[in-house]
*Asks:* 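Before we start, here is the structure in question, set down as structure tokens.
Quick note on labels: first sequence line is chain A, next is B, and so on, each numbered from 1. Keep in mind it's a predicted model, so treat the numbers as computed, not measured.
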Amino acid sequence: MSVLPQDELIKMWESEQENLKQQVLERDTEEWQRASGFKGLQRVGGVDLSFIKGDDVKACAQLTVLSYPQLEVLYADSQMVTLSTPYIAGFLAFRETPHLLEALRRLERDKPSLMPQVVFVDGNGLFHYREFGLACHLGVLADLPCVGVAKNLLHVQGVVRSGEHLSQISTLQKAGDTFPLTAASGRVLGKALRSSDKSTKPVYVSVGHRISLDTAVRLTSACSRYRVPEPIRQADMRSREYLRTHFPSQGT
DNA sequence: GCGACAG
DNA sequence: ATCTTGTCGC
């Protein structure tokens with residue numbers, strides 16, 4: 001069976017990103033986003049995929065919903081999925097989005113009252129080569145407010161892990177401190193955030209959909225007990241737990 | 001040409 | 001993403 005060459009596939013994907021990008025709303029669309037203390041916000045979601053060691057095709061897709069501001073788990077869904085595309089930096093959404101959307105559909109079907117009012121995504125939003133990362137992609141297709149939170153710096157539009165960048169990181173003294181991620185064009189694509197007092201390494205926050213950068217950063221800070229915001233952390237922990245119990249590693 | 005490169 | 005337990009430090 002023949003398939004499209006990878007460079008042709010990538011051209012199609014770039015085209016789709018440019019197309020969907022037109023739908024991104026980079027501003028607060030919800031009442032709670034403007035309210036003091038995020039009054040009116042009751043449910044925050046997190047999504048993640050975990051893999052088995054030697055297998056990059058089978059994965060556990062996870063969706064968690066936590067109460068706000070308590071950050072207690074209200075809902076957790078684990079589902080084994082089969083990935084159909086490889087990981088290529090800049091095209092993560094084509095690998096993960098279909099399964100994350102499926103998880104949101106299951107929630108809509110089974111517990112619609114628990115639908116999150118905002119979803120934290122493991123990866124970037126506007127902080128992306130073409131300003132349309134996973135958090136934007138999922139946000140647009142699900143039509144939900146989304147925030148991108150990456151644990152590592154993607155080298156984007158002149159933003160690199162240079163001495164200057166490391167120097168800026170060292171200026172982050174306490175939880176909530178930030179510095180902007182500014183593209184060569186001068187546009188601020190996201191912010192590095194010290195998410196907890198204990199962690200020196202920042203997370204990289206960017207707009208996914210239907211939220212402003214300032215609100216995204218303040219909300220990420222408000223949802224972080226440790227370095228990784230709690231909705232994503234719970235999704236990560238629970239998907240790994242699922243793999244441990246259903247696919248125990250073989251010992252020698 | 002070489003290296004960098006979210007998860 | 002994953003390979004991996006204990007260990008050093010606050």
*Asks:* What integer distance in Å separates A:Ile10:CD1 from B:dC5:C1'?
*Replies:*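 Answer to the nearest Å: 12 Å.
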
*Asks:* Does A:Asp48 come within less than 4.0 Å of A:Arg233, counting only side-chain N to carboxylate O?
*Replies:*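 Looking at A:Asp48 and A:Arg233, the cut-off is not met.
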
*Asks:* Could you list by number each residue of residues 77-99 of chain A showing a heavy-atom separation from DNA chain B of less than 4.0 Å, or answer none if no residue does?
*Replies:*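 Heavy-atom contacts with DNA chain B come from A:Tyr87, A:Ala89, A:Gly90, A:Phe91, A:Leu92.
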
*Asks:* Do nucleotides 5-10 of chain C as a string where each nucleotide becomes B, S or -: B if the base has a protein heavy atom under 4.0 Å, S if just the sugar-phosphate does, - if no protein is that close.
*Replies:* ------

*Asks:* Within residues 14-26 of chain A, which residues have any heavy atom lying less than 4.0 Å from an atom of DNA chain B?
*Replies:*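 DNA chain B contact set from residues 14-26 of chain A: none.
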
*Asks:* Would you call A:Lys191 and A:Asp214 a salt bridge, using N to O less than 4.0 angstrom?
*Replies:*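 Result for this pair is no, no salt bridge flagged.
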
*Asks:* Could you tell me whether the phosphate oxygens of B:dC5, OP1 or OP2, come under 4.0 Å of any side-chain nitrogen or oxygen in A:Asn152?
*Replies:*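 It does not, given that no N or O in the side chain of A:Asn152 lies less than 4.0 Å from OP1 or OP2 of B:dC5.
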
*Asks:* Under 4.0 Å between a Lys/Arg side-chain N and an Asp/Glu carboxylate O for A:Lys39 and A:Glu31?
*Replies:*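 Salt bridge flag = no for A:Glu31 with A:Lys39.
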
*Asks:* Should A:Leu126 and A:Phe132 be marked as a side chain to side chain contact (heavy atoms under 4.5 Å, CB included) after you check the CA-CA gap, both sets of side-chain angles, and the distance that decides it?
*Replies:* CA-CA 5 Å; A:Leu126 289 180; A:Phe132 194 72; over 6 Å; no

*Asks:* Which residues in residues 120-151 of chain A have a heavy atom closer than 4.0 Å to any atom of DNA chain B?
*Replies:* A:Asp122, A:Gly123, A:Asn124, A:His128, A:Tyr129, A:Gly133, A:Leu134, A:Ala150, A:Lys151

*Asks:* Contact list please: residues 190-199 of chain A against DNA chain B, heavy atoms, distance less than 4.0 Å, in numerical order.
*Replies:* none

*Asks:* Less than 4.5 Å apart, any side-chain heavy atom of A:Tyr204 and any of A:Leu193?
*Replies:* no

*Asks:* Charged N to carboxylate O under 4.0 angstrom, A:Glu102 versus A:Arg109?
*Replies:* no

*Asks:* Is a salt bridge present between A:Arg105 and A:Glu108, judged by a nitrogen-to-oxygen distance below 4.0 Å?
*Replies:* no

*Asks:* For DNA chain C, write out the stems as range with range, using runs of 3 or more consecutive Watson-Crick or G-U pairs with both distances under 3.5 Å.
*Replies:*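 Stems for DNA chain C, defined as runs of 3 or more consecutive pairs: none.
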
*Asks:* Have a look at A:Asp48 and say if it touches a base, only the backbone sugar-phosphate, or nothing, with a 4.0 Å heavy-atom cut-off.
*Replies:* sugar-phosphate

*Asks:* Less than 4.0 angstrom from a charged side-chain N to a carboxylate O is my criterion; do A:Glu30 and A:Arg210 meet it?
*Replies:*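 Judged by the 4.0 Å cut-off on N to carboxylate O distance, A:Glu30 and A:Arg210 do form a salt bridge.
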
